[in-house]
Amino acid sequence: MSTVVNCPNCKKQVIWGPDAPYRPFCSKQCQLIDLGEWAAENHKIATQSGNDQKVTPDMIEDIEAMLAQAESEAGFFKE
Ligand SMILES: [Zn+2]
């Protein structure tokens, strides 16, 4: 008996469990895209550049770097 959730980004079904480390997202990419859209949403308010802002691979790399840094900082503060 598995719990199945829908990926908030692409709506693909994700089986909730150890095989889905990015749950509720289906993949790391969807997790990052969701974070990217959240960031773009904030950015939009500042720039008033309208809608349809796309998350580019560059942005995903930036977000990944940001997350990695946050993770290492969190680890550092735990020491
Ligand atoms: Zn997805």
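What you are looking at is a predicted structure, and each value in this text was computed from that prediction instead of being measured. First listed ligand is number 1; within each ligand, the first listed atom is number 1.
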Is the number of heavy atoms from other residues, nucleotides or ligands within 6.0 Å of CG (L67) greater than 12?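 Enclosed: over 12 neighbouring heavy atoms sit under 6.0 Å from CG of L67.
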4.5 Å side-chain heavy-atom contact, [X] and [Y]:
| X | Y | answer |
| --- | --- | --- |
| Y22 | C7 | no |
| L35 | M66 | no |
| Q13 | V5 | no |
| W16 | V4 | no |

Provide the protein N, O or S atoms situated under 2.8 Å from the Zn ion (ligand 1); waters are not included. C7 SG, C10 SG, C26 SG, C30 SG
Quick one: pull up CD in E64 and CD in Q29 and give me the separation to the nearest 0.5 Å. 9.5 Å
